[in-house]
Protein chains: 2
Amino acid sequence: MTTAAQSARAVAHPDREEIRLEGVLHALSDPMRLLVVRQLASEGAELTCSHFGLPVTKSTCTHHFRVLREAGVIQQIYRGTAKLNALRRDDLDALFPGLLDSVLAAADRQADPLDGA
Amino acid sequence: MTTAAQSARAVAHPDREEIRLEGVLHALSDPMRLLVVRQLASEGAELTCSHFGLPVTKSTCTHHFRVLREAGVIQQIYRGTAKLNALRRDDLDALFPGLLDSVLAAADRQADPLDGA
DNA sequence: ACCGTACTACGAGGTTTATCGTACGAGAGG
DNA sequence: CCTCTCGTACGATAAACCTCGTAGTACGGT
């Protein structure tokens, strides 16, 4: 049962050319996921899933992060028991120049109530 | 010779400040609707529903146009038996600067890889 | 070795969505 | 008048989605 080559749990990510615009837009159209992406962009670093403090259970959390990952929006890397999430800004900017920035700017402008502050 | 007999049928549209980013992203995340928006943007004018030649029935067509209208992406105006559809570019650009342009550019780039490259 | 933490997998429930078919209303034209 | 075309409204169906609970896996620390 023990497989030696699994010291680092790997997660499948879509390649850059596999990222679809519709998938990205759909991933960003959910308030919860948009909030995650906004935090990821503002903090600009890798964050663990539990850092976001989302008002949902872990199962739902996993679901949303999977949608974001499969859409090519974020990258997930295991690190011990934690899993770090990072925005795939390079890929997104290369594929859809200006898209992420305008979405983030629009989200900021819209005064998201979940952000509080 | 009816000198532009304005139709009495009016359709409800959301005001500019009622347009939500998530709604717009969701409306644009459907391939059918994205295609409509692209055609609307490229032709730059008001088009009837039947002009688009969508591979779906009229009922489905009505559904998609309603989603686009309620999201604030398009404007619909009756004119005789036809209904003209126009992009709400002014409102979208004012609310989410650069968003529509980057989405359209991304869609062009993705749908026509042979055209540009 | 054991336990706690962090996340995943699987399945279920309830809602939304996309699609269609059919029936209907509004205008244009013979 | 009648008919034709264009689009809407309503219902139905199948798929997708969001949420959750429970059970399980992987890793680190005591």
Side-chain angles (χ1 to χ4, degrees), chain A residues 1-13 20 22-36 46-71 73-86 114, chain B residues 1-13 20 22-37 46-71 73-86:
Chain A
M1 79 162 190
T2 313
T3 312
Q6 287 183 353
S7 62
R9 282 179 285 176
V11 196
H13 291 77
R20 301 279 307 162
E22 302 92 338
V24 172
L25 293 177
H26 173 246
L28 296 177
S29 71
D30 184 276
M32 200 84 64
R33 295 193 289 261
L34 184 57
L35 180 61
V36 167
E46 298 167 326
L47 300 175
T48 66
C49 294
S50 50
H51 176 275
F52 295 90
L54 298 177
V56 291
T57 64
K58 289 192 171 191
S59 310
T60 307
C61 213
T62 297
H63 160 68
H64 284 307
F65 278 97
R66 168 163 21 190
V67 172
L68 285 172
R69 169 170 48 83
E70 292 181 346
V73 178
I74 66 170
Q75 190 175 11
Q76 295 187 296
I77 302 169
Y78 277 98
R79 180 158 185 172
T81 70
K83 187 149 102 173
L84 299 182
N85 300 278
L114 282 172
Chain B
M1 297 322 165
T2 56
T3 61
Q6 270 61 12
S7 64
R9 282 185 288 180
V11 197
H13 291 78
R20 301 280 307 163
E22 302 90 339
V24 173
L25 293 178
H26 174 246
L28 264 35
S29 71
D30 185 276
M32 202 82 64
R33 294 193 290 260
L34 185 57
L35 181 60
V36 167
V37 171
E46 299 166 324
L47 301 176
T48 65
C49 295
S50 52
H51 176 275
F52 295 90
L54 297 178
V56 290
T57 63
K58 288 185 295 182
S59 311
T60 307
C61 215
T62 297
H63 161 67
H64 284 307
F65 278 98
R66 169 163 23 186
V67 172
L68 285 172
R69 169 169 48 82
E70 291 180 346
V73 179
I74 66 169
Q75 191 175 8
Q76 296 186 295
I77 301 169
Y78 279 98
R79 180 159 185 177
T81 69
K83 188 150 97 173
L84 299 182
N85 301 279

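Residue numbers begin at 1 in each chain, while the letters A, B, ... track the order of the sequences.
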Nucleotide N/O of nucleotides 9-13 of chain D paired with protein N/O under 3.5 Å:
{"unit_1": "dA9(D)", "atom_1": "N6", "unit_2": "S59(B)", "atom_2": "OG", "d": "3.3"}

Rounded to whole Å, the CG-C1' distance (L84(A) to dC7(C)) equals 12 Å
Taken to the nearest whole Å, NZ/K58(B) to C1'/dG25(C) is 12 Å
Q: Please determine if a side-chain N or O atom of S50(A) lies less than 4.0 Å away from the OP1 or OP2 oxygen of dC7(C).
A: yes
Can you check nucleotides 14-18 of chain C for protein contacts, nitrogen or oxygen pairs under 3.5 Å, and list what you find?
{"unit_1": "dA18(C)", "atom_1": "OP1", "unit_2": "D30(B)", "atom_2": "OD2", "d": "3.4"}
{"unit_1": "dA18(C)", "atom_1": "OP1", "unit_2": "R33(B)", "atom_2": "NH1", "d": "3.3"}
{"unit_1": "dA18(C)", "atom_1": "OP1", "unit_2": "R33(B)", "atom_2": "NH2", "d": "2.9"}
{"unit_1": "dA18(C)", "atom_1": "OP2", "unit_2": "R33(B)", "atom_2": "NH1", "d": "3.2"}
{"unit_1": "dA18(C)", "atom_1": "OP2", "unit_2": "H63(B)", "atom_2": "NE2", "d": "2.9"}

Rounded to whole Å, the OH-C1' distance (Y78(B) to dA26(C)) equals 9 Å
Applying side chain to side chain contact (heavy atoms under 4.5 Å, CB included) to H13(B) and not counting sequence neighbours gives V11(B), R69(B), Q75(B), Q76(B), R88(B)
Atom CZ of F65(A) and atom P of dC7(C) are separated, to the nearest Å, by 8 Å
Those residues at least two apart in sequence (or on a different chain) that pass side-chain hydrogen bond (donor to acceptor under 3.5 Å, both in side chains) with T60(A) are T57(A)
In terms of heavy-atom contacts, E22(B) and S29(A) come closest through CB-O, 3.4 Å
Residues at least two apart in sequence or cross-chain that pass side-chain hydrogen bond (donor to acceptor under 3.5 Å, both in side chains) with H64(B), listed by chain then number, are R33(B)
Against the side chain of A82(A), the closest entry in dG7(D), dC7(C), dC20(C) is dC7(C)
side-chain hydrogen bond (donor to acceptor under 3.5 Å, both in side chains) filter on S50(A), not counting sequence neighbours, yields T48(A)
